[in-house]
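Atoms within each ligand, like the ligands themselves, are counted from 1 in listed order. No hydrogens, no waters, no symmetry mates; every other heavy atom, side chains included, goes into these values.
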Amino acid sequence: MKFIRFKAQDDSIHKGIITDEGIDEIKGDIYGEWDYTGTTFAPRDISLLAPLEPNQIIGIGANYVAQEQDLPSELPEIPVFFFKPTSSVIGPNEEIVIPEGINQVKFESELAVVIGKEAKNIAESDILDYVFGYTVGNDVTAPQFFHQDGHWTIGKSFDTFTPLGPVIETELNPFKVNVEARLNDVEKQNSSTNLMIIPILRMISYLSNVMTLKPGDVILTGSPVGAELVGPGDVIECSIKEIGALENTFAEAKLGAKIR
Ligand code: MG
């Protein structure tokens, strides 16, 4: 099923499921008890929002190789993980605002895993029981704001730096998809998820042994080779064919947005 959040013409916010006939509105907790309201919306009458309001967002650093023979024989003992604030989330077609003082940021198209059940100390073989579904994420990054001592938090955390969408697909086989990005309609990224250095099950199992994962947690699983620096006016489309395309335009910061 394809779960969405959307705004109706009167600006009210709803949840729904995309069907061949339109959008069936639902109410309740998508990770628990929910039901159809009986109302159907036409796609032309709505605008998509990020398909969830994440509980927390965890990313993994540099997680793809260019080709299978480059995969390391031994995995790092401690993978590089980072958090992104939930305030950085935007939906499809919203602007990604480039912080004042710099003129370029990086796009990173990624498969985003949405956790559906509380998960603690879960074996790799059981991880999929705890996954609700999958969406596309753009892990926008301002490398100039990486701290000299190594932390990435600031460079990953600006408002608008985590576009998510367009839907949460619950039926996906995450091991058989390609993560793609098109910049101004030119392909820049297109890699199978089997080029991940730390595979999805290992990544989530590892995290669950550190912290209790909760419904609504989003795990950004890393970006394929090909991410680039971009500037104001550039249009980025991150996509996974089986989920959909997430398009956003980069924009200059408005006056007053400067960090001091
Ligand atoms: Mg990333």
Open item on the list: Between Glu108 and Lys106, does any NZ, NE, NH1 or NH2 come within less than 4.0 Å of an OD or OE carboxylate oxygen?
Closed with: yes

- [ ] Name whichever N, O or S atom of Glu110 ends up nearest to the Mg ion (ligand 1).
- [x] OE2

Open item on the list: Under a 4.0 Å threshold between the charged nitrogen and the carboxylate oxygen, would Asp35 count as salt-bridged to Lys27?
Closed with: no

Open item on the list: With carbon and hydrogen excluded and only N/O/S kept, which atom of Asp139 is nearest the Mg ion (ligand 1)?
Closed with: OD2

Task: Lys/Arg N to Asp/Glu carboxylate O, Arg182 vs Asp185, below 4.0 Å - done: yes

TODO: Could you check whether the rings of Phe82 and Trp152 sit parallel, tilted or perpendicular, using 30° and 60° as the cut-offs?
DONE: tilted

Open item on the list: If you consider just the N/O/S atoms, which atom of Glu108 is the closest one to the Mg ion (ligand 1)?
Closed with: OE1

